[in-house]
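First comes the structure, then the notes that go with it.
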Amino acid sequence: MIGELVVSLFILVGATFALIGSIGLVRLPDFYTRLHGPTKATTLGVGALLLASVIYFSALREGLSLHEALITLFLFMTAPVSAHLLVRAGLHHRVESRSRAPAEDHGHPDPEAPI
Amino acid sequence: MSGRAEASTKSGFKLFPHPVLTVVLVIVWLLLVNSIHPRMIVLGLGFGIAIPLFTRRFWPDHPRICRVGVLVRFVPVFIWDVVIANLQVAWLIVNFRRELRPTWVVVPLDITDPYAITTLANVISLTPGTVSSELGPGRRTLLVHSMDVDDPQALVDRIKRRYEAPLKEIFEC
Amino acid sequence: MTLLLIVLLPLVGALLPAWFIRWGRNQSALAAGVVTGTAFALLLSLSSSVFAGEVPRADWTWMSSIGLSLAFMADGLGYLFAFLILGIGLLVVLYARYYLSEKDPMGRFYAYLLLFMGAMLGVVLADNLIVLLVFWELTSLTSFLLIGYWKHLPEGRQGARMALVVTGGGGLAMLAGFILLGNIAGTYQLSEILQMGEVIQAHDLYAPMLVLVLIGAFTKSAQFPFHFWLPHAMAAPTPVSAYLHSATMVKAGVFLLARLFPALSGTELWFFLVTGAGAATLLFAAYVALTKHDLKGLLAYSTVSHLGMITVLFGIGTAAAAVVGIFHIMNHAAFKASLFMNAGIVDHETGTRDIRRLSGLWAAMPITGVLAIIAAAAMAGVPLFNGFLSKEMFFEQAWALEYQFVEGVPWLLPAIVTLAALFSVAYSIRLVWSVFFGPQAEDLPKPPHDPPFGMLLPVGILAALCIVVGIVPVLVAGPMLAVAATATIGIAPPEYSLTLWHGFNIPLLMTALAFVGGIVAYWKRWAIIGLHEGPLPFPEAKRIFDGTIDRLAAFSHGTTAALENGSLQRYLALLVGAAVVAMGWPFLTGSWSAGPGPGTPLDGMSLVVWAILVGAAVATAALHRRRILALVVVSVVGLMLALAFVHLSAPDLALTQLSVEVVTVVLLLLALHLLPKEGPSEDSIGRKARDVGLAVAAGCAVTAMAWVILTNPVDTISGFHLAESYPGGGGTNVVNVILVDFRGFDTFGEIIVLAIAGLGIYAMIDALGVPDRWKIGSPDDEVRYPLLLTVITRLLLPLALLVSMYLFLRGHNQPGGGFIAGLVTAVALILQYVASGIGWTTDRFVRDYHGAIALGVLAAGATGLGAWLFGYPFLTGWFDYFELPIIGEFELASAVLFDIGVYLTVVAGVLLMLVNMGKIRNASAAAPDAADGEG
Amino acid sequence: MLTFALTFGFTAMGLAMLLNIVRLVKGPDTVDRVTALDTLYINTIAVLMLVGIRIGSDIFFEAALLIAMMGFVGTVALAKHIRRGSIIE
Amino acid sequence: MDFLVMEMLVATGVGAMAGAGVYLVLRARTYSVILGLALLGYAANTFLFASGRLSVGLAPVISDDALAYPDPLPQALVLTAIVIGFAMIAFAVVLMLRAHADLGTDHVDGPGGAGR
């Protein structure tokens, strides 16, 4: 019973976060801020749901079942990289940014890539 | 990174090209098959040895983790920050009235080890409203985009203090 | 057996003369003669039984399903014709040996002749409509070769073309008729069809069938209005004319009338069609013949006219008439063949065939003259010659007629007949008198003299026959006529007397009239000729024919040009349209309809997925010109599809779909780099509207079809697979077991397809000029190989490999398997290429994908062969369980080895494709970063 | 309780996916669209987890794992293409 | 008969993919045609899969506590079909590239095709 409660809780939390992430994706003003939605809220949201699944199968079903943790690990490794690459692409494309420029210029944001 | 965290605790024998990797693989395997039946352990060990041998050449310089203790202390901090970060971002998103102050900040880097830099970048991206956007020339700076900042310098300092320092200890010695 | 030999001998033997010609003309002719003679001998060996009233048969069932059997029979009729074909054939072979000049390629001539002979024999001996038809068309083809034998003569070629078109076209009509007939009778076996005359004639389709068949017969026998090709076929060498256009091929038509006589004849329709056409031909051709100046032209028209006479006889439809018809066939063959050869001799010796130039040859070539007179007399129907008998009997029949063309004028047909006879007398006289008597011709190209004996012999034999039959018909022709007639009319023929003198009666009167009138007509011939060379010429058949042909050609050119403008777009549109119609039809006609359906309940998530999927699909179509965007949208479709598969309990499909999806995206991105990023907007509104219409129609049709299928109850064979999977295949994942075990052979074929595609791609790209060694980008080139990506992918690679191993190993029992594992591995490695570049990765990885592919296919194949070694059929699965310390029980299945093959092939194939496409860019981009500006 | 949570979860995730599509359609830049696609992939994993919990079977685990992998690869490829044109160089 | 069932979703989904595929295949540029091929491939696969009828929440994996199984045969066929379809598309893509390189245009009718 407790287990079910916990599972439900995690589901609620996870779903909420995932939803908020997607809302952010739609609502936030410019590309660079939008990017924060997926990279954070979604990862945690999904993380929570995966945790829910782990608990569900471990507690309410037979035997320990941790393999959803792999997906979390995977997401935590990849999501930042995706974001990173997307920002780079955006910068390269001169996607308009509402953000304040860096204090002092260290060659950012990337000018014509010197290759 | 958590996988490698657990892995580091058991780093021992040197007769494998990447002992850490081997251990990680065995653990991942056991997670995959979702059982600790001896058969699976043997199988996992088999892969744990075979795959590193196969991918040996993809690892010109394998990561060295010296200060395990620091890592152990770092992980919970990181996870906590992630949760906080999510709450903050969530709040920023759902709070319609609040005006965002997105900012680009440049973080000068002291660490040079590629694995360290990567870890740092990932950590930054996963924690409070920041996304690590671009490595500067010569990997001496890291361009970070933050969602809502009032004092950029404070952010830079926080990143260097809270994440870069421990990572430097962990990876570079 | 003998029958088959008789038919096959000439067909096969046709090679001999063509081969023997290298040793000389005599040898070639001899070979042809021997072949023909042997066939003739074989035929004669049958005569005893045939005359005894038996019917030798030979039957090889071929395609019983469509009632097609290679069946031959030699009843009296067939025997008679075979006799004519081979007998006269023998004479023609001999004659042609002397007729053909040094220059003519004799080997080819005899080859064609024998081919024709075989075809003709096939026609007359066939016991199956289809077989008959095949040989029928074969005669048209071979006659085409023979008529066009003299390639240098344009009229030869044109004549051949005309003959082929007319007779071939008639053959097609006849095919239709035969199929109808076969359906009416329920069989294609002739001997059976002949038994069911009244059934056939009672059938509704009798009329159309009859017309079609008759068209075939009339075209072949040059009956009005299809007569015109025969005179033009006279461009052929005279032996050919003598053989084809008097004795054999043109007789095929009347043979058909005789052959089908019991089945078709006796109705009023038959009478009007056949007799009508015959009568018209008879009179018209006889009249024209008189006006021809060319010996062979004259003979050609007289042939047409005599064929008309035979047709009339069969048209009358009474048994007695049919008997006369048969009789005249024999007689005509005899005298007309000899006349043709005679004309050939004259042509050969004097160098011309123009009656106006020829005159008084008697002095120079008396023997020829005598033979000519005999044959001509027979043709004219002079008493004591065979022609007289058949003509008397013909008059008799024409007089005693049961039907009448025009009510109240019973004398119409007799009048026509007499008139025709009159003209035939006239042209016969002209043929002899104008050529052999009168003043000596001066300006002949060659000094005339009698030909060599070899040329005279055949003519002589035939002429002799004319006389002998004419005087003692009963002895010579009696028996054969009897059996032939019996066979034709199916019953014992009525009483008829082959005697010279029937006393004074109407026929005799008609004959007398014919002779008197004939002489007058000959005397006044120039008036008639002048009439047609001046004020009212005959319609020029050739011009009309050519005009028709040209208009046809122009029409077809027009249609082709209208349909095919070389635009694949249009063709595809037409195809799709046709497909849509074909798909939609069953619904409109209501032959397909929705069933009750299990009605799987809905849930909100499915609705969302469905909405996204449909929306994305439509969006792809709408956004296709913005290419990257379109690609993104397509991958949405793919993702949703994978979700759907998961939800609809097909995990394996979901896994495959996901992996393939990504690989496809990478592939298209690679391609997109080399193509314009934006498609031009070039489609006209009309084109768009048309395609949208097509698309919507197709979509609706497919939807309807799927709906019908889904809602109708299923009857699956999967029960077996489900039951056998574990006990028989040693796996619990039925899909995988089906792939690697039950249907292993399909999978084997499939990985081969994949391998071939990979190699094909490699070949195509290779031709684009890819350098096999390219520069290695430095690992810290941040722009090309971002550090984060590089590091993370290196961390991911082992994990991904582990995952793929996991998917592979459990594939047999849980979702997974060789395909999916292979795709995952491939993707993981591709990721390395993307992150660290081709150079870096290739330095650290197997380069020889071809080898890997081969290895994979071999491994899979070896599994199959292994099954052979143990005496099982190819790719029979084997598995067993083993006990090991620590590990415990585990399974070994040959399927696993097979799966390894699949795995290897997939990995290597995918890598081969993608990596090589990556290379193109490096090859094509001369400037290191042509790409940088765009993207 | 659990059922309610699941219903809520499904509704939320469905909404989330639709929102992703909205961003994917609106753009305005290709990078926005790719981001949307990436998010869609991640949300799909969540959905799979929910389905798994509902029917009480972890048969969807592999699918989820693969979506995580493939989503990443796809995003990387698209981003690299936008940034560099050629993705394998 | 009730139309708000899973079957209708699948049917319409297949229809939509097929329709879009047809439209794309009829476009003038090879790239669009290949997208169309992909969509048509999806449609065909789903259609084939549907011929085994729909079943929700099952798996074609033999187990003791499974009450029913989906029809595995269409699944096996479709699995093969997916991979073959990929091979086909890959080949078509390279063909397109080759045509573009050799003819200098990506119009399906080659140079001058734009005219028609």
Side-chain angles (χ1 to χ4, degrees), chain C residues 567-568 572-573 576 597 599-600 602 610 613-614 617-618 620-621 624 627 630 634 641 648-650 652-653 656 660 667 671 674-675 679 682 691 694-696 698-699 702-703 706-707 709-711 714 716 718 721-722 725-726 732-735 738-739 750 753-754 757 760-761 764 768 819 913, chain E residues 2 4-7 9 11-20 22-24 26-29 31-32 35 38 42 47 50-51 53-62 69-73 75-76 78-80 82-84 86-87 89-91 93-94 97-98 100-101 106 108-109 114 116:
Chain C
S567 160
L568 296 173
L572 200 54
V576 171
T600 319
L602 275 184
W610 170 82
L613 184 127
V614 172
V618 177
T620 321
H624 69 94
R627 296 180 164 174
V634 168
L641 204 54
L648 298 173
S649 50
D652 292 276
L653 289 192
T656 321
V660 167
L667 188 76
L674 305 170
L675 292 172
E682 56 191 348
D691 294 349
L694 275 174
V696 170
V702 172
T703 307
W707 173 251
I709 287 183
L710 279 165
T711 49
V714 62
T716 173
S718 301
H721 299 112
L722 286 165
S725 174
Y726 191 64
T732 55
N733 177 4
V734 187
V735 175
I738 291 178
L739 280 177
E750 179 207 352
V753 169
L754 194 64
I761 288 173
M764 270 198 289
L768 282 174
F819 275 125
M913 295 175 188
Chain E
D2 179 13
L4 273 182
V5 291
M6 197 65 86
E7 279 75 9
L9 292 198
T12 44
V14 175
M17 287 189 285
V22 166
Y23 181 79
L24 284 171
L26 291 174
R27 292 303 100 219
R29 299 291 161 171
Y31 182 78
S32 314
L35 287 184
Y42 293 160
F47 189 92
S51 68
R53 306 304 182 270
L54 308 183
S55 47
V56 174
L58 307 175
V61 174
I62 306 290
Y69 299 104
D71 189 342
L73 196 54
Q75 294 194 18
V78 172
L79 202 155
T80 345
I82 293 177
V83 178
I84 292 262
F86 163 69
I89 287 193
F91 197 83
V93 166
V94 177
L97 289 180
R98 187 68 190 280
H100 186 247
D106 63 342
V108 286
D109 296 335
R116 304 202 192 86

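Both backbone and side-chain heavy atoms feed into the values below; hydrogens, waters and symmetry mates do not. Proteins get letters first, then strands, A, B, ... in listed order; numbering begins at 1 in each.
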Between [X] and chain E, which part of the residue has a heavy atom less than 4.5 Å away: side chain, backbone, both or neither?
X	result
C:Leu613	side chain
C:Val696	neither
C:Ala698	side chain
C:Ile738	side chain
C:Leu641	side chain

Measuring from [X]:[atom1] to [Y]:[atom2], what's the distance to the nearest 0.5 Å?
X	Y	atom1	atom2	result
C:Leu653	E:Ile82	CG	CD1	5.0 Å
C:Leu572	E:Arg27	CG	CZ	10.5 Å
E:Phe91	C:Leu754	CZ	CG	12.5 Å
E:Met17	C:Thr703	CE	OG1	10.0 Å
E:Phe86	C:Leu667	CZ	CG	5.5 Å
C:Leu694	E:Tyr23	CG	OH	11.0 Å

For E:Val93, is it the side chain, the backbone, both or neither that has a heavy atom under 4.5 Å from a heavy atom of chain C?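 Looking at E:Val93, just its side chain touches chain C.
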
What part of E:Leu73 lies closer than 4.5 angstrom to a heavy atom of chain C: side chain, backbone, both or neither?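 Both parts, backbone and side chain.
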
Picking from [options], which has the most non-hydrogen pairs under 4.5 angstrom with chain C?
options	result
E:Ala76, E:Ala20, E:Ala18	E:Ala76
E:Val22, E:Val14, E:Leu9, E:Leu24	E:Leu9
E:Ser55, E:Ala38, E:Pro70	E:Ser55

Contact winner vs chain E - C:Val660, C:Asp691, C:Val734, C:Ile709, heavy-atom pairs under 4.5 Å: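 Heavy-atom pairs under 4.5 Å are most numerous for C:Asp691.
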
For each of C:Gly760, C:Gly699, C:Gly679, C:Ala573, tally heavy-atom pairs with chain E at distances under 4.5 Å, and name the one with the top tally.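 Top option by heavy-atom pairs under 4.5 Å: C:Gly699.
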
Where do E:Arg29 and C:Leu675 land on the side-chain contact (heavy atoms from CB on, under 4.5 Å) test, with the steps shown first? CA-CA 10 Å; E:Arg29 299 291 161 171; C:Leu675 292 172; over 6 Å; no

If you compare all heavy atoms of [X] against all heavy atoms of [Y], which two are closest, and at what distance to 0.1 Å?
X	Y	result
E:Leu54	C:Leu710	CG-CD2, 3.8 Å
C:Ser649	E:Gln75	O-NE2, 3.0 Å
C:Trp707	E:Glu7	CZ3-CB, 3.7 Å

